[in-house]
Each structure stands twice: as structure tokens, then as C-alpha cells.
Amino acid sequence: MLKVYNTLTRQKEDFVPLKENVVRIYVCGPTVYDYPHIGNARSFSVFDTIRRYLEYLGYRVQYIVNFTDIDDKMINRANEEGISVGDLATKFIAEYRLIAKQLNLKPATINPRATEHIDDIIEMVELIVKNGKGYAVDGDVYFDVSEWDKYGVLSKINLDDDSTIARVEADDKKQDPRDFALWKGEKPGEPSWDSPWGKGRPGWHAECSVMGKHYLGLPFDIHGGGQDLIFPHHENEIAQSSAAYGIDTPVKYWLHNGFLTINSEKMSKSEQNFSTAREVLDNYDHQAVRLYLVSGQYGQPLDYNDGALKQAIQTLERIRNAVDTIKGRITILERTGSRESDADKRLAEASKKVRNGFEAAMNDDFNTPGALAEIFTFIREINTHTKDVGGAAVLRESISVLSELIGILGIDIESQDTNEESASSETLKGIVEYLLELREDARKTKNFALADQIRDRLGQLGIVVSDTKDGPTWKI
Ligand code: AMP
Ligand code: ZN
């Protein structure tokens, strides 16, 4: 039976979905204001593996990952770049989708955007105010934390502790420093929407309560995100759902991924200690990056360093070599014909054992390192027996088991696509960059006709060249 660690109870619990056979999951997705870092990519990848494992167990999974496309970071960055918040969101949603493809994340059932749900958010805030749990001041609306006696139920936070309050946005209009914004009145230069409190925009926590309810209904089974979201984001979601809809437990299981760390520090934009997912994916085999991101148990920290990625590359190579060995043996047997042997029995046995071992590890709160260890034991068996195996059927079965199990971790061993694709994208990158160098040379020698021709021809092929102060950039 699957057991999951529930942040709400701080215990490993039996996983029993609220509706038979269906699992409803909401994961807090990216704020689309910048290139995601590789820590964000860890969060995306571990929840994709959790979703895949639940599907493997036979559940129909509804999987919602939102895009936060309006908040302070979005507004500040759009102003810095001199573009609209909408254009900024479009740019980084496209970037997320590219990363998602390269990390082999299964498309979500839906990726709703906060700005598509402004009416629903206003409706929830109105309910909270109507129920006496929120108050409006000068166009802002705040949640009155003193009205919710279970505040802290998820984070177990001590609200009398000053350091806790320091993490809540300071604001003179609040009745109590612990209160949080449900709706923020318009400031000059900010996007805004009409509301009963005047023009404004939603507070961040409101969107996830609303979209979770809209797409999954309350209560639903699993809410995921990084550990940084436990307080205040998820704590506030529970408070909102209780105050607006009278549902004190809007989510049955709260799952939080551990941080990707550098020198034991959380990777984050504010600490300036990050590598973007793009940089890492451009420099390493995509499947190896994915393998690395799920190589630790999801709730534990995972250290980011060159050695860890190199190890993932070696691991992947071992898996690919095993598959090649089996395929080579199948080809020989197809020529020479089958003759069953003792090695067949041993490999058939190992195929069963790896499945059981893999399931036992994953049933223990998605213990991916344990699951990988089982896969390695299986690979050792393959390497020991393959040359003596006489039947193609048992070999086909072993390849199919291996690819099914490793597929849950997001590794598609049967497909060469990722490699071919990355090889061809590397080639494309090289060609475009060479053409841009020629264009720069042409401009230096004042051959503007040639420079323009290069840009136009690339444009006809769908490659847009932009000249920035740091030189030309391009995108497809
Ligand atoms: P954001 O775009 O900042 O809203 O973050 C997207 C997701 O990445 C959230 O679930 C965060 O909790 C998660 N996250 C942020 N930093 C890290 C990190 N260093 N390691 C793992 N997950 C992270
Ligand atoms: Zn959220």
C-alpha cells in the first residue's frame, strides 16, 4: 500500500483517495517572470514522477499546475523590461513549456493562469468579507487571521514569534501585522481589474485556493509545492478555503519537496546562487538532468554540483548499455532461433523481483533512490545472464519492465528522440550563431544589405533576431 508523508499531520499515512480510482492533484507552478532555476525544475520533476507513479498504480489522475502571471515580481520585471505583464507571461510560459518538454514532464490536465480567474477570486474574497473573516481598507482587502483559530494548522508556526511575522508582508493598513492581503488596490502603472473595492489585483495566495476549487472541487487529494510554500502560501490557502467555503480541510494530503541546495543553501533567485534550468539543459543530456532531479527522495534536500550531474550521466549510460546488450542479444536469437536455458528462468525471476522491489520503494513515500537501487540490481542480473539467455521472449519482457519502471522516473529509454533532438538543436544553435557572427562582420564592414538579408532569411525560417546592448539574441 502506498504511504505518503503528509505535512499536515507530519506523518506517513496510507494513501486513500477521496474518490475511488481518481486522484486530484494541484501543484503550485512557476511565477512566469523569469527563467526558472534548476531548483524549480526539481519541483516540477518530482511531482511529475509522483503523478506518473499514481497512474502506474491504476488511478486516473487529474493534474493541475498553475502559472502565477500577476504579482509584484511580474510587475517589477515587466516595468524593467518595458513590456506588458501579459507579454512577460507569454514569454516565460513558452520557456516553461520548452523546459517541460526537455525534462519529459507529462502535460498537465490544465495549466490555468491566475489572470483567467479574476472573477472567481473576487467572488471568494467577497465571501470571506461577508463571513466576517476579512476587511477592506482603502481599496485593499485583508484576511483577519484572528478570526481563524486553526491558523498555523499546516505550518505549526508560532504566530507570536517575531521572525514569523517578518515573513509576512509589512503593511500599515493591516489591523494586525499577521493579516495577509486578499486583494491589493491599484497603484499607478500596475495592471488592475474592477472589483467591489475599486480597481486592483489579487493577492498571491488567493489564486491557488480559487483554481484548486474550480478545477478539482474541494476537498481534493494532493496539494504539492516546495517546502518554502508551507508558510505563508499554503497556510493561507487553508485559511481562505475555510473562511470562504466553510471547508477546514480543503486538501487531504499536503506534499512538499525538499530544496535543491548549493553548499547546503537553498538555491534561489534572491540569494544569487542559482543556475537556470536552461543553462543546465543546454550543457547536459536532458535525460541525465531529469534523472539527477529525481535521484533523491523528493522530501529531502538534493545538492547541486557538477559531480552529481556527472554521476547521473554515468547512471544513464549503464541503463542504456543494458538495453543495448539486450537488444543485441535479441537480434542474435532472431537469427539463430530460441533455446530455453536456466539463464532464462533467472532473468524472468529478476524481472518479477525488480517490479516488486521498485513498487515497495515507491510505496514508501516515493523513495526514488530505493527504486533506482532496485533497477541497478536488475541491470546487474541482465549483465550477468544475457549472453546465456536462449529465448527472445524473456529478453523482450525484461526490456519492457525496465522501460516501464524507469519511465515512471521520466526517463524514456526506448526513445532516441531526446538525444537526436538535442543533437539537432545543438547543430541548429551552431549554425544560427555562425550566421549571426557573419552578420556582425557584415555590419562592421558597413555591408548593411548583407546583414539585413541574413536577418530576413532567418526570419523567414521562423528565427527572430533581436539586437540588444549585449549583442544579437535569437529565438524560434
Ligand atoms: P516559483 O516560480 O518561485 O513560484 O517556484 C516554483 C516551484 O519551485 C515552487 O513549488 C517552489 O516551492 C519550488 N522551488 C523554489 N526554489 C526551490 C529549490 N531551491 N528547490 C526545490 N524547489 C524549489
Ligand atoms: Zn500556489
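Basis for what follows: all heavy atoms, side chains included, without hydrogens, waters or symmetry-related copies. Order of appearance sets the numbers: ligands from 1, and atoms from 1 within every ligand.
- No side-chain donor from either of H205 and E235 sits under 3.5 Å from a side-chain acceptor of the other.
- The residue from G224, G39, G226 that puts a heavy atom closest to atom 23 (C) of ligand 1 is G39.
- Close contacts between ligand 1 and H37 involve ligand atoms 16 (N), 17 (C), 19 (N) [criterion: under 4.0 Å to a heavy atom].
- Annotation for ligand 1: atoms under 4.0 Å from non-hydrogen atoms of G225 are 10 (O).
- Counting atoms of ligand 1 from 1 in the listed order, those under 4.0 Å from a heavy atom of G29 are 4 (O), 6 (C).
- Set against the non-hydrogen atoms of L260, the atoms of ligand 1 under 4.0 Å away are 18 (C), 19 (N), 20 (N), 21 (C).
- Proximity to C28 (heavy-atom distance under 4.0 Å) selects the following atoms of ligand 1: 10 (O).
- In summary, the atoms of ligand 1 found under 4.0 Å from a heavy atom of G258, numbered by their order in the structure, are 21 (C).
- Checking side-chain atoms of N111 against main-chain N and O of V65 turns up a donor-acceptor pair under 3.5 Å.
- Distances from ligand 1 to the non-hydrogen atoms of P36 include no value under 4.0 Å.
- For atom 12 (O) of ligand 1, the nearest non-hydrogen atom from the set D71, D34, V27, D228 comes from D228.
- Heavy-atom contacts of P30 reach the following atoms of ligand 1: 2 (O) (cutoff under 4.0 Å).
- D71 contributes atom CG, which lies 8.0 Å from atom CH2 of W204 (distance to the nearest 0.5 angstrom).
- Within the structure, ligand 1 lacks S268 among the residues with a heavy atom less than 4.0 angstrom away.
- Metal site remark for the Zn ion (ligand 2): C28 contributes an N, O or S atom at a distance under 2.8 Å.
- Distance alone, capped at 3.5 Å, places no donor-acceptor pair between the S43 side chain and the G39 backbone.
- Within the 6.0 Å centre-distance limit, the rings of Y35 and F92 are counted as a close aromatic pair.
- For atom 8 (O) of ligand 1, the nearest non-hydrogen atom from the set L229, N257, N40, V32 comes from N40.
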Exercise for review: Under the ring-ring contact (aromatic ring centres under 6.0 Å, His included) rule, what do F180 and Y142 come out as? Steps first, then yes or no, please.
Suggested key: CA-CA 5 Å; F180 61 90; Y142 296 96; 9.0 Å; no

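- Around CD of E20, the count of heavy atoms belonging to other residues, nucleotides or ligands within 6.0 Å does not exceed 12.
- Counting only heavy atoms of the protein, atom 19 (N) of ligand 1 lies nearest to M267 O, 2.9 Å.
- For NZ of K199, the number of neighbouring non-hydrogen atoms (other residues, nucleotides, ligands) closer than 6.0 Å is greater than 12.
- Seen from the Zn ion (ligand 2), atom SG on C208 and atom NE2 on H233 lie at an angle near 110° (rounded to 10 degrees).
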